[in-house]
Amino acid sequence: MKTKSHYIKNLCCQRCITILKELIVKNEIQILDIQNGVVVVSTDNCELDELYSILKINGFEILDEREEILVNKIKTELLNYFLDNENISLKMTRYLENKINLSYSYLSKVFSKRESSSIEKYYIKLKIEKVKELIITNQLNLSEIAFMYNYSSVQALSHQFKTLTGVTVKEYKSSLSTYSTYN
């Protein structure tokens, strides 16, 4: 049996993987593996057409250009970087080089060309989204969050948060409590 790996855009979290896996199994398509950014299937053409249809209907996209695949790998590995708390002390640039086996300068050049933004800016946006999640869940205080994501201080975290979101951390927390009051 021949197999083929398909690189999938937007397949970047466990929830997406679970949903897509259920849809594929429900449609009796033989999948061999599914993980962040990749689905491995047998190369039966009938099943491939059905797989492509399922992906498209559910907001996923098959990537076929080399640079698109590389950008998707970078995004996926950045998400994995946050999920794997043991590696958070490892510099992000080194982490990407280790995971993708290409120089950071090359990765950065391809990413910037395809995304019109740097890896660093994308990474900072991801960090702030993770900070928002931690604020919402109220599991850690700001000092712990700042330390966890290698900010030099709570003030540095707060400054970057305001720069990206337009509101202070306090205003963000306040908006959450106001929202939950109405629900």
Side-chain angles (χ1 to χ4, degrees), residues 7-24 33-39 55 57-61 63 68-100 104 107-108 111-112 114-183:
Y7 295 91
I8 313 297
K9 185 175 185 175
N10 301 327
L11 184 61
C12 55
C13 68
Q14 194 56 48
R15 184 174 50 240
C16 292
I17 291 170
T18 302
I19 291 168
L20 186 57
K21 192 175 199 173
E22 287 174 7
L23 290 167
I24 291 171
D33 190 21
I34 185 169
Q35 52 188 290
N36 282 353
V38 182
V39 174
L55 290 169
I57 289 169
N58 289 284
F60 298 104
E61 180 182 328
L63 303 173
E68 281 182 318
I69 292 168
L70 183 56
V71 167
N72 195 59
K73 281 183 183 179
I74 292 167
K75 288 180 175 182
T76 298
E77 288 306 335
L78 285 173
L79 285 171
N80 290 338
Y81 179 71
F82 285 112
L83 296 174
D84 188 359
N85 289 335
E86 293 174 20
N87 283 316
I88 205 76
S89 61
L90 185 63
K91 247 180 116 177
M92 178 270 295
T93 56
R94 177 74 61 204
Y95 180 86
L96 286 177
E97 286 178 333
N98 291 345
K99 290 295 186 174
I100 301 177
Y104 184 77
L107 296 174
S108 181
F111 192 92
S112 295
R114 298 297 289 203
E115 294 293 307
S116 300
S117 176
S118 68
I119 291 175
E120 290 80 8
K121 286 182 181 176
Y122 182 80
Y123 171 69
I124 290 168
K125 287 178 186 176
L126 277 180
K127 259 183 25 173
I128 294 302
E129 288 305 312
K130 293 296 178 186
V131 168
K132 285 179 179 178
E133 287 176 18
L134 290 171
I135 290 170
I136 290 169
T137 60
N138 210 17
Q139 294 173 333
L140 302 173
N141 66 39
L142 286 180
S143 295
E144 293 167 325
I145 294 171
F147 177 77
M148 181 179 189
Y149 288 117
N150 296 323
Y151 285 96
S152 59
S153 64
V154 171
Q155 291 76 18
L157 164 62
S158 297
H159 176 73
Q160 195 166 69
F161 190 94
K162 179 162 173 90
T163 301
L164 261 66
T165 64
V167 296
T168 65
V169 173
K170 188 175 183 177
E171 290 168 335
Y172 182 72
K173 280 183 167 185
S174 176
S175 72
L176 293 174
S177 62
T178 302
Y179 177 75
S180 63
T181 303
Y182 294 113
N183 287 328

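Index from 1, following the sequence.
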Note, Leu20 side chain near Asn58 side chain (heavy atom, < 4.5 Å): no
Value rounded to 0.5 Å, distance of CG in Leu164 from NZ in Lys132: 8.5 Å
Gap separating the CZ atom of Phe111 from the OH atom of Tyr123, nearest 0.5 angstrom: 13.0 Å
From CD1 (Ile69) to CD1 (Ile8), nearest 0.5 Å: 9.5 Å
Heavy-atom closest contact (Lys9 atom, Leu63 atom, distance): CB-CD2, 3.8 Å
Within-4.5 Å side-chain heavy-atom neighbours: Tyr7 and Glu68: no
Heavy-atom closest contact (Met148 atom, Leu140 atom, distance): SD-CD1, 3.8 Å
Tyr122-Glu115 side chain donor-acceptor pair, cut-off 3.5 Å: no
Verdict with reasoning, Ile119 to Met92, per side chain to side chain contact (heavy atoms under 4.5 Å, CB included): CA-CA 10 Å; Ile119 291 175; Met92 178 270 295; 4.0 Å; yes
Side-chain donor or acceptor of Thr137 paired with backbone N/O of Glu133 under 3.5 Å: yes
Expected output: side-chain Thr76 to main-chain Asn72 donor-acceptor under 3.5 Å: yes
Separation of Leu157 CG from Gln155 CD (nearest 0.5 Å): 9.5 Å
Close side-chain approach of Leu134 to Gln139, heavy-atom, < 4.5 Å: yes
Which atom of Thr168 lies closest to which atom of Lys162, heavy atoms considered: CG2-CD, 3.8 Å
Taking every non-hydrogen atom, the tightest pair across Phe161 and Thr165: O-OG1, 2.7 Å
Which atom of Tyr149 lies closest to which atom of Lys127, heavy atoms considered: O-NZ, 3.1 Å
Minimum heavy-atom distance Glu77-Leu96, with the two atoms named: CB-CD2, 3.7 Å
Glu144 side chain to Asn141 backbone, donor-acceptor under 3.5 Å: yes
Sub-4.5 Å side-chain heavy-atom contact between Val169 and Val131: no
From CA spacing to verdict: side chain to side chain contact (heavy atoms under 4.5 Å, CB included), Ile128, Thr163: CA-CA 10 Å; Ile128 294 302; Thr163 301; over 6 Å; no
Leu23 side chain reached by Leu55 side chain, heavy atoms, under 4.5 Å: no
CG on Leu79 to CD on Glu129, rounded to 0.5 Å: 11.0 Å
Over 12 non-hydrogen atoms of neighbours within 6.0 angstrom of OH in Tyr104: yes
Gln35 CD to Lys21 NZ distance, which is reported to the nearest 0.5 Å: 10.5 Å
